[in-house]
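Scope of the values below: all heavy atoms of this structure, side chains included, with no hydrogens, waters or symmetry mates.
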Amino acid sequence: MIDAKLLREQPEAIQAGLAKRGSKLVLDHLQKLEADRRKQLAEIEQLRQQQKKESEAFGRAKAQGVKQPPETLKALSRQIKEKEQALRPLDEALAHELSLIPNIPHESVPAGDPTNNEVTRVVGEPKAFSFKPKTHLELAESLELIDFERGAKITGANFALYTGAGARLERALIQWMLDVQTQEHGYREVSPPFLVNRASMFGTGQLPKFEEDMYKLQDDDFFLVPTAEVPVTNMHRDEILSEDDLPVTYTAYTPCFRREAGSYGKDTRGLVRLHQFDKVELVRFVKPEDSYKDLEVLVGHAEAILQKLGLHYRVLTLAAGDLGFS
């Protein structure tokens, strides 16, 4: 979430970052909200200073036998209360508006849309076949690994039913990935709830902008987890960690639930854009000055899985227009 202080002192930096993302958002309305808020705060502070002087004067008068506070002191208390009440909607409006602005990309991030993504490195070679290979959809159906038709019958489109060796393979991969990250890379395994509250969803940036993409319980203000990142990152929300304990690292498995609201992905077949899928997540809490070094460490730990499986892959540096909201 954008800091109001940054909006006040460096609006051009925010505007440049948004432009790099391809956003045409204009900050004039936000700057006016922040200016009005600062003005109200200044007026309240001025009234409090007057109130302090009046209180001190009344304290001296009280020592001389005066029992009733002067009307000016009562009037100042009323004014401060009224000003504070008027400030509350301004605070709420500014916080809401700021929560809808995506974070500003680092200076190293290339500008542009997904076509401007940069290939950082390519590992391995594409496998060569002496025949036309089947798609993953054809393999899954011919080997009876996944039953898409029955998955759709049980629930709906874009839900999969893993069967036989497919179900065993899915379970084995999850177990193996967790073992690699805990035993070889030192992550602490956690098994979080699969439901999270609104504060947790806000904490990792899914709310308020992407609420329509989430599965929400009708009778409780809980959401099905879109990724283990949400409960694991929120484990230390509103806490202060000791620098001596850093880095703090976690790995977790959760199923992930995403509605993919709208038309995006609705015509995709196979294991792409599913509404439910499985994921093993890695989270690292580190000192800010170590964040980019630790990002490379984390990427390396994720790559280790692909390397152990002998898979050919690319590592991309995403362009600003392809970055996630947070």
Roughly how far, to the nearest 0.5 Å, is the NZ atom of K52 from the CG atom of L76? 14.5 Å

How close do A160 and I146 get, heavy atom to heavy atom, and via which atoms? CB-CG2, 3.8 Å

Is a donor on one side and an acceptor on the other found under 3.5 Å between the side chain of N234 and the backbone of V230? yes

Quick check: closest heavy atoms across N103 and R21, and the distance to 0.1 Å? O-NE, 2.8 Å

Which heavy atom of M1 sits nearest a heavy atom of S99, and at what distance? CE-N, 4.0 Å

Nearest heavy atoms of A140 and F148, plus distance in Å: CB-CE1, 4.4 Å

Under the 3.5 angstrom rule, does the side chain of K20 hit a backbone N or O of V109 as a donor-acceptor pair? yes

Compare every heavy atom of F257 with every heavy atom of L224, then report the nearest pair and how far apart it is. CB-CD1, 3.7 Å

Given the rule in the side chain to side chain contact (heavy atoms under 4.5 Å, CB included) test, do L41 and L87 qualify, once you have shown the distances and angles that lead to the verdict? CA-CA 8 Å; L41 282 170; L87 179 64; 3.6 Å; yes

Under a 4.0 Å threshold between the charged nitrogen and the carboxylate oxygen, would D28 count as salt-bridged to K32? no

If the threshold is 4.0 Å, N to carboxylate O, is there a salt bridge linking E303 and R121? yes

Considering all heavy atoms, the nearest L7-I14 contact: CA-CD1, 3.6 Å

Take K216 and D221, measure what side chain to side chain contact (heavy atoms under 4.5 Å, CB included) needs, and give me the verdict at the end. CA-CA 7 Å; K216 184 180 183 297; D221 202 19; 3.1 Å; yes

Basic-acidic side-chain contact under 4.0 Å: R198, E211: yes

Give a yes or no on whether a salt bridge exists between R314 and E118, defined as a side-chain N under 4.0 angstrom from a carboxylate O. no

Quick one, Q49 with E45, criterion side chain to side chain donor-acceptor pair (under 3.5 Å). Give me CA distance, side-chain angles, the key distance, then yes/no. CA-CA 6 Å; Q49 290 294 330; E45 185 56 33; 3.1 Å; yes

Linked, directly or transitively: L100 and F210 (ILVMFWY side chains, under 4.5 Å): no

With a 3.5 Å distance limit and no angle check, can you tell me whether T182 reaches the backbone of Y187 through a side-chain donor-acceptor pair? no

SB check E34 R37 (cutoff 4.0 Å): yes

For E243, does the CD atom have more than 12 heavy-atom neighbours from other residues, nucleotides or ligands under 6.0 Å away? no

Backbone N or O of Q51 within a donor-acceptor pair of the S55 side chain at under 3.5 Å? yes

Under 3.5 Å, is there a donor-acceptor pair between the side chain of D220 and the main chain of F222? no

May I ask you to check whether over 12 heavy atoms, not counting those of E12, lie within 6.0 Å of atom CD? yes

Say whether, by atom type as modelled, one donor and one acceptor occur between the side chain of T155 and the main chain of A152 under 3.5 angstrom. no

Is there a donor-acceptor contact under 3.5 Å from the side chain of H275 to the main chain of R258? yes

Short question: side chain of H301, backbone of H185 - any donor-acceptor pair under 3.5 Å? no

Between N116 (side chain only) and D113 (backbone N and O only), is there a donor and an acceptor less than 3.5 Å apart? yes

Under the side chain to side chain donor-acceptor pair (under 3.5 Å) criterion, do Y313 and Q307 qualify, and how do the steps go? CA-CA 9 Å; Y313 66 92; Q307 292 165 5; 2.8 Å; yes

Kindly indicate, with the supporting measurements, whether the criterion side chain to side chain donor-acceptor pair (under 3.5 Å) is fulfilled by S200 and R237. CA-CA 8 Å; S200 294; R237 173 166 46 86; 3.1 Å; yes

Dump the intermediate steps for side chain to side chain donor-acceptor pair (under 3.5 Å) on T251 and E281, then the final yes or no. CA-CA 5 Å; T251 185; E281 184 70 81; over 6 Å; no

Taking T163 for its side chain and E144 for its backbone only, find out whether a donor-acceptor pair lies under 3.5 Å. yes

Quick one: pull up CG in L173 and CZ in R168 and give me the separation to the nearest 0.5 Å. 12.0 Å

